[in-house]
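Reading through the structure tokens given below for one structure.
Sequence positions, counted from 1, serve as the residue numbers for this chain.
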Amino acid sequence: MANNNNKLRCRTVYAFAREMYPKTVKCDISYGTAGFRTRATDLEYVMYRMGLLAVLRARFKKAVIGVMITASHNPEPDNGVKLVDPMGEMLEQSWEKWATKIANVTDDKLENVIHDIIKECDIQNMNDRPEIVVGKDTRPSSPSLAKAVFDGVLAMGGKPIDYGIVTTPQLHYFVVCKNTNRAYGQPTEEGYYRKLTNAFNKVRGEKLNNGNYTNSILYDGANGVGAKKVKYLKEGLAGSLLIDMYNDEIIGSGKLNYLCGADFVKTQQAFPTGLPRTPNTRCCSVDGDADRLVYYYLDESGKFHLMDGDRIATLIAGYLKEILEKTGMAQKLKLGLVQTAYANGASTDYITNKLQVPVACVPTGVKWLHHKALEYDIGVYFEANGHGTVVFNAEAKEKLRNAFQLNNLTREQKDATSRLINIIDIINETVGDAISDMLLVETILHAKGWDITQWEAAYADLPNRLLKVTVQDRTVISTTDAERKCSTPVGLQEEIDKIVAKYSKGRSFVRPSGTEDVVRIYAEAATRQDCDKLASEVAKIVHELAGGTGSPPEISE
Ligand SMILES: CC(=O)N[C@H]1[C@@H](OP(=O)(O)O)O[C@H](CO)[C@@H](O)[C@@H]1O
Ligand SMILES: [Mg+2]
């Protein structure tokens with residue numbers, strides 16, 4: 001009987017694939033840094049197939065799997081999809097190849113790929129009906145793409161749970177809540193807000209302002225889901241933090257991520273549209289799926305000052321170190337910070353030499369950062385673009401809770417331990433989360449009594465520049481040493497080394513993007529002028545040696 005059911009189901013899978021979601025695009029796509037991402041019009045069959053794959057993955061892991069439909073900071077006509085593994089991690093690497101295979105195979109071979117997966121992974125429980133939690137961002141294409149995912153999940157015999165429009169980190173949170181039997185929290189939006197805001201309000205206490213810190217902030221919602229969700233957050237905050245919201249697509253007519261949002265602010269190093277230009281006021285921006293956060297302000301002369309992911313990471317790591325020392329457990333709990341090659345050299349210097357917290361460097365992409373951070377008892381990780389979080393291992397949490405129960409702590413140790421335990425609940429440990437990170441930054445600034453200029457004073461960023469070069473085939477560039485050196489095309493690294501050597505504090509590296517069809521160039525140097533010259537020279541050599549198309553990028557002032 002079970003076998004017959006299976007056959008019937010398989011027929012539905014392929015009939016649906018051919019009739020409703022035929023493969024319409026000839027060229028291959030690959031599961032990149034953040035899943036599949038391309039024009040929304042090219043994604044229907046990919047979504048259906050990801051629905052199928054999610055069920056297979058869930059049966060293999062015997063757990064709930066997540067599917068998030070978003071293209072994050074990319075323009076509105078784009079969309080994307082990624083699978084979320086049981087503990088909120090990105091899809092395990094060994095399955096990325098299956099994702100790529102299943103997405104690219106022709107309709108008539110889909111069956112073969114599914115059989116290969118079942119066989120190679122030895123999935124025996126094909127009659128299980130696992131839950132697949134599905135979320136989407138606010139893009140106009142998201143509802144129909146979500147329908148394709150549901151159809152895939154249903155055709156494969158899974159149970160789709162529709163969370164509607166949610167932030168990417170909320171979806172990760174729901175997956176973890178479900179897989180931990182609610183130990184991590186309630187798998188509902190309300191549960192999410194309650195967990196974060198209860199902890200935030202508790203740590204903040206009665207005194208809403210402190211020293212130079214004032215409890216109000218200007219918030220740029222990027223005209224996306226991050227704007228929608230803050231409204232609910234505000235209810236839970238009940239005035240403890242006053243969030244003045246801008247770029248809310250419902251009120252204004254702004255376009256998603258257009259001239260606003262965390263990616264715009266970081267890459268353009270510019271103040272977004274839509275916010276009042278009030279000097280010395282703390283502002284923050286999130287991106288299109290609210291997993292990135294950056295802070296910034298304008299000074300009296302109108303000059304823009306950016307507090308990116310590196311600054312957020314150093315603020316958090318520095319504070320956690322300080323509070324750990326106060327708990328008396330600094331020797332027992334290993335704290336570390338994980339960055340990528342895009343981290344500003346000045347931030348790495350500061351955290352290594354001044355704060356004396358160990359720093360590790362990994363390739364771009366949350367999966368690498370998150371994984372590495374788990375090697376510490378308390379691991380802070382951030383990409384320079386503002387994506388990051390803190391992870392505490394189970395042992396660290398237990399040690400803190402046990403210590404708090406004991407009666408042999410001094411008053412200061414007890415206060416610090418209780419504060420740290422509450423801070424864990426402000427943090428969404430499952431993945432970088434702009435909303436939760438904002439609450440954490442606000443908690444730390446409040447504790448220190450700092451305004452944004454005092455935060456900025458910790459160290460001075462080296463001027464830096466990000467450029468994109470378009471080439472015929474970006475895979476001709478391969479990298480090593482956490483992407484800091486390129487191994488092909490032959491000779492390119494030597495040329496980059498020669499250029500870099502000319503500039504004081506110069507550093508530059510190039511790598512193919514995992515989300516766009518471009519090669520990314522990063523450069524930093526002691527002065528703005530040198531940095532821009534360095535970036536242009538490296539872009540030019542990449543264009544020359546890696547098959548550039550069009551003309552190399554120009555830096556406009
Ligand atoms: C320089 C940069 O910001 N790269 C971003 C970008 O990846 P690329 O592989 O560089 O396209 O998108 C990723 C997903 O959002 C993010 O993890 C990463 O940091
Ligand atoms: Mg994002």
Side-chain angles (χ1 to χ4, degrees), residues 88 169-170 173 176-177 180 182-186 190-211 213 215 217 232-243 293 312-313 315-330 332-333 335 373 376-380 388-450:
Q170 283 179 329
Y173 165 88
V176 176
C177 291
T180 54
R182 302 180 177 224
Y184 194 65
Q186 294 303 312
E190 207 202 325
Y192 167 89
Y193 298 119
R194 207 178 322 117
K195 179 172 175 181
L196 263 50
T197 56
N198 279 354
F200 178 83
N201 292 340
K202 216 177 208 171
V203 175
R204 176 142 305 198
E206 300 287 297
K207 200 171 154 201
L208 301 183
N209 294 314
N210 183 30
Y213 175 86
N215 71 331
I217 183 171
Y232 303 107
L233 183 80
K234 275 167 131 178
E235 284 170 23
L237 289 172
S240 57
L241 175 66
L242 307 172
I243 305 173
L293 173 75
I312 298 176
L315 179 78
I316 296 173
Y319 183 69
L320 288 178
K321 177 162 185 191
E322 205 177 294
I323 198 160
L324 258 180
E325 273 159 10
K326 285 190 184 151
T327 64
M329 293 184 62
K332 290 193 197 131
L333 297 175
L335 170 72
Y376 301 101
D377 293 312
I378 304 177
V380 182
T389 187
V390 188
V391 286
F392 297 78
N393 66 19
E395 216 178 302
K397 287 182 190 168
E398 198 180 303
K399 278 186 188 155
L400 286 168
R401 285 184 187 127
N402 287 344
F404 187 71
Q405 301 301 331
L406 294 177
N407 288 324
N408 60 355
L409 296 184
T410 64
R411 186 78 250 156
E412 189 190 39
Q413 285 173 335
K414 199 155 180 109
D415 285 351
T417 309
S418 139
R419 176 171 265 268
L420 191 50
I421 290 171
N422 281 319
I423 283 178
I424 298 175
D425 279 346
I426 298 178
I427 297 167
N428 182 351
E429 292 176 80
T430 69
V431 78
D433 181 335
I435 289 176
S436 141
D437 287 340
M438 176 184 75
L439 295 181
L440 182 59
V441 167
E442 294 296 317
T443 299
I444 298 173
L445 294 179
H446 173 262
K448 288 183 170 284
W450 278 0

With a 4.5 Å heavy-atom cut-off, do I316 and I444 have their side chains touching? yes

Looking at every non-hydrogen atom in both residues, tell me the closest pair between L335 and Y376 and how far apart they are. C-CD2, 4.1 Å

Quick one: pull up CG in L196 and CG in N428 and give me the separation to the nearest 0.5 Å. 7.0 Å

Should the pair R419-D415 be classified as a salt bridge under the 4.0 Å nitrogen-to-oxygen rule? no

Y213 vs E442, test: side-chain contact (heavy atoms from CB on, under 4.5 Å). Steps then yes/no. CA-CA 9 Å; Y213 175 86; E442 294 296 317; 2.5 Å; yes

Could you tell me which non-hydrogen atom of S436 sits nearest to which non-hydrogen atom of I427, and how far apart they are? OG-CA, 3.5 Å

L439 vs L237, test: side-chain contact (heavy atoms from CB on, under 4.5 Å). Steps then yes/no. CA-CA 10 Å; L439 295 181; L237 289 172; 4.0 Å; yes

Side chains of R182 and Q186 only: does a donor on one sit below 3.5 Å from an acceptor on the other? yes

For side-chain contact (heavy atoms from CB on, under 4.5 Å), just list the numbers for L233 and F200, CA-CA rounded to whole Å, side-chain angles, deciding distance to a tenth of an Å, and then say yes or no. CA-CA 11 Å; L233 183 80; F200 178 83; over 6 Å; no

Nearest 0.5 Å, please: how far is OH in Y173 from OH in Y192? 9.0 Å

Give, for atom OH of Y319 and atom CG of L440, the distance between the pair rounded to the nearest 0.5 Å. 9.0 Å

Nearest non-hydrogen partners of N210 and A447, listed with the distance: ND2-O, 3.6 Å

Would you check if the side chain of N209 reaches a backbone N or O of N215 as a donor-acceptor pair within less than 3.5 Å? yes

Closer than 3.5 angstrom, by distance alone: can the side chain of N201 be matched with the main-chain N or O of G236 as a donor-acceptor pair? yes

Tell me, please, whether Y184 has K195 positioned over its six-membered ring: NZ or CZ under 6.0 Å from the ring centre and within 45 degrees of its axis? yes

Tell me the closest heavy-atom pair linking A396 and D377, and the distance in Å. CB-O, 3.7 Å

Go through I243 and M438 one step at a time and tell me if the side-chain contact (heavy atoms from CB on, under 4.5 Å) criterion holds. CA-CA 11 Å; I243 305 173; M438 176 184 75; 3.7 Å; yes

Answer yes or no: are there more than 12 heavy-atom neighbours, outside K397 itself, under 6.0 Å from its atom NZ? yes

Heavy-atom closest contact (Q413 atom, T417 atom, distance): O-OG1, 2.6 Å

To the closest 0.5 Å, what do you measure between CD (E429) and CD1 (I378)? 10.0 Å

What's the separation between atom CG in L320 and atom CG in L420, rounded to the nearest 0.5 Å? 6.5 Å

Heavy-atom pair with the smallest gap, counting every atom of D425 and A199: CB-CB, 3.6 Å

Residue pair V390 / I423, side-chain heavy-atom distance below 4.5 Å: no

When rounded to the nearest 0.5 Å, the distance separating CZ of R204 from NE2 of H446 is 4.5 Å

